[in-house]
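The structure presented is a predicted model; accordingly, all values stated were derived computationally and were not measured. Here, residue 1 is the first one in the sequence, and each next residue gets the next number.
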Amino acid sequence: MIELKNLSAGYGGRDVVHGVSLAFSPGRVLALLGPNGCGKSTLLRTALGLNPKSGGEVLMDGTPMESLTPRERALKAAYLSQSRSVPNITAYKMVLHGRFPHLSYPRRYRKEDYEAVDRALERADAADVARRSMGELSGGQRQKVYLAMALAQETPTLLMDEPTTFLDVGHQLEVMAAARRLAEEGRAVVMVLHDLPLAMRGADDVALLSDGRLAAYGTAEEVYRSGALDQVFGVALCRVETASGWQYYYGYSQNT
């Protein structure tokens, strides 16, 4: 489990995350929500040691993150970043990169590495593009390949920064379904999302950021009932109960 305790971080001496405390718990899907520029991506990168913190601490299974090597961190948490390069290699080789933390030097792939890649490609619905060059793929196809690379890392925690970008509605639902399956296997899954109905429908817990501070944190039900989502986003998030559970939708805000 990854725990953030009073975490602050930013760039160029200016904090954009201020005193945030929360946990990425095994068996739970956490939706990290908030307006653009509120510090969501910075929080994820700092939790992994990719961005320096200015205050507080990050614990990985109770161990201070700074005391772990980059490889040890990579074995504990995989990260699907918001922006990624497009190397001139096949999608299959791209997904193989997710196995790097499991290899010793010099890197020699084993049977179990190829099996992990095949499983990840199937889970991410990217097996059909495995032999194609990354440069030939559409934005949505690339997104699935990057998701497969993170899945191939096979870590107990998976952090995804806007994993539904470029995906159509059907594939967005598939990504959420995959996140739920991973949580059911006991993994901690954290997703930065902008689609509030999708997040509220699929997440166990919600952490809502506003101006770099934690505006609400708890179960999806608790955060919904708090009214904090309406206040932070300036919208009216409504819901109706159906045979398959709560369905969320945007209504008219009081300011409309």
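- Within a 6.0 Å sphere centred on CZ of Phe233, heavy atoms belonging to other residues, nucleotides or ligands number more than 12.
- With no hydrogens or angles considered, a side-chain donor-acceptor pair links Thr46 and Asn51 at under 3.5 Å.
- Ion pair Lys40/Asp161 not flagged as a salt bridge, since none of the NZ, NE, NH1 or NH2 atoms sits closer than 4.0 Å to an Asp/Glu carboxylate oxygen.
- Cluster membership for Val223 and Leu33, using ILVMFWY side-chain heavy atoms within less than 4.5 angstrom, is shared.
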Residues Glu115, Arg99; criterion salt bridge (Lys or Arg N to Asp or Glu O under 4.0 Å); working and verdict:
CA-CA 11 Å; Glu115 290 173 345; Arg99 299 302 298 170; over 6 Å; no

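- In terms of hydrophobic clustering, with Ile, Leu, Val, Met, Phe, Trp and Tyr side chains grouped at heavy-atom distances under 4.5 Å, Leu158 and Val95 are assigned to a common cluster.
- Under a cut-off of 6.0 angstrom, the local environment of CG in Asp168 is crowded, with over 12 non-hydrogen atoms contributed by other residues, nucleotides or ligands.
- Leu30 is not connected to Val175 by any chain of hydrophobic side-chain contacts under 4.5 Å among Ile, Leu, Val, Met, Phe, Trp and Tyr, and they are in different clusters.
- Sparse packing is recorded around CG of Asp211, with 12 or fewer heavy atoms of other residues, nucleotides or ligands lying under 6.0 Å away.
- Lys144 contributes atom NZ, which lies 13.0 Å from atom CG of Leu151 (distance to the nearest 0.5 angstrom).
- Cys38 SG to Leu208 CG: the interatomic distance, rounded to the nearest 0.5 Å, is 7.5 Å.
- Within the cation-pi definition used here (under 6.0 Å to the ring centroid, within 45° of the axis), Arg107 qualifies as a partner of Phe100.
- Residues Tyr11 and Thr42 bring a donor and an acceptor atom of their side chains to less than 3.5 Å of each other.
- Separating the CE atom in Met65 from the CG atom in Leu48 is a distance of 8.0 Å, to the nearest 0.5 Å.
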When you look at Glu185 and Arg180, which way does the salt bridge (Lys or Arg N to Asp or Glu O under 4.0 Å) test go after all the steps?
CA-CA 9 Å; Glu185 294 170 6; Arg180 291 242 45 94; over 6 Å; no

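- Under the 3.5 Å distance criterion, with hydrogens and angles disregarded, no donor-acceptor pair is assigned to the side chains of Tyr248 and Arg201.
- Note on Lys53 versus Glu66: salt bridge recorded, some NZ/NE/NH1/NH2 to OD/OE distance being below 4.0 Å.
- Closest of all the heavy-atom pairs between Asp128 and Asp125 is OD1-O, 3.8 Å.
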Show your working on salt bridge (Lys or Arg N to Asp or Glu O under 4.0 Å) between Glu72 and Lys76 and close with a plain yes or no.
CA-CA 7 Å; Glu72 288 172 331; Lys76 290 182 178 293; over 6 Å; no

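- For the atom pair Arg119 CZ and Glu112 CD, the distance stands at 9.5 Å (nearest 0.5 Å).
- No hydrogens or angles considered: a donor-acceptor pair under 3.5 Å links the side chains of Ser54 and Asp15.
- Geometric assessment of Arg131 against the ring of Tyr92 yields a positive cation-pi assignment under the 6.0 Å and 45° thresholds.
- Counting only N and O atoms by type, the side chains of Ser244 and Thr242 include a donor and acceptor under 3.5 Å apart.
- Side-chain atoms of Asp113 and His102 include no donor-acceptor pair closer than 3.5 Å.
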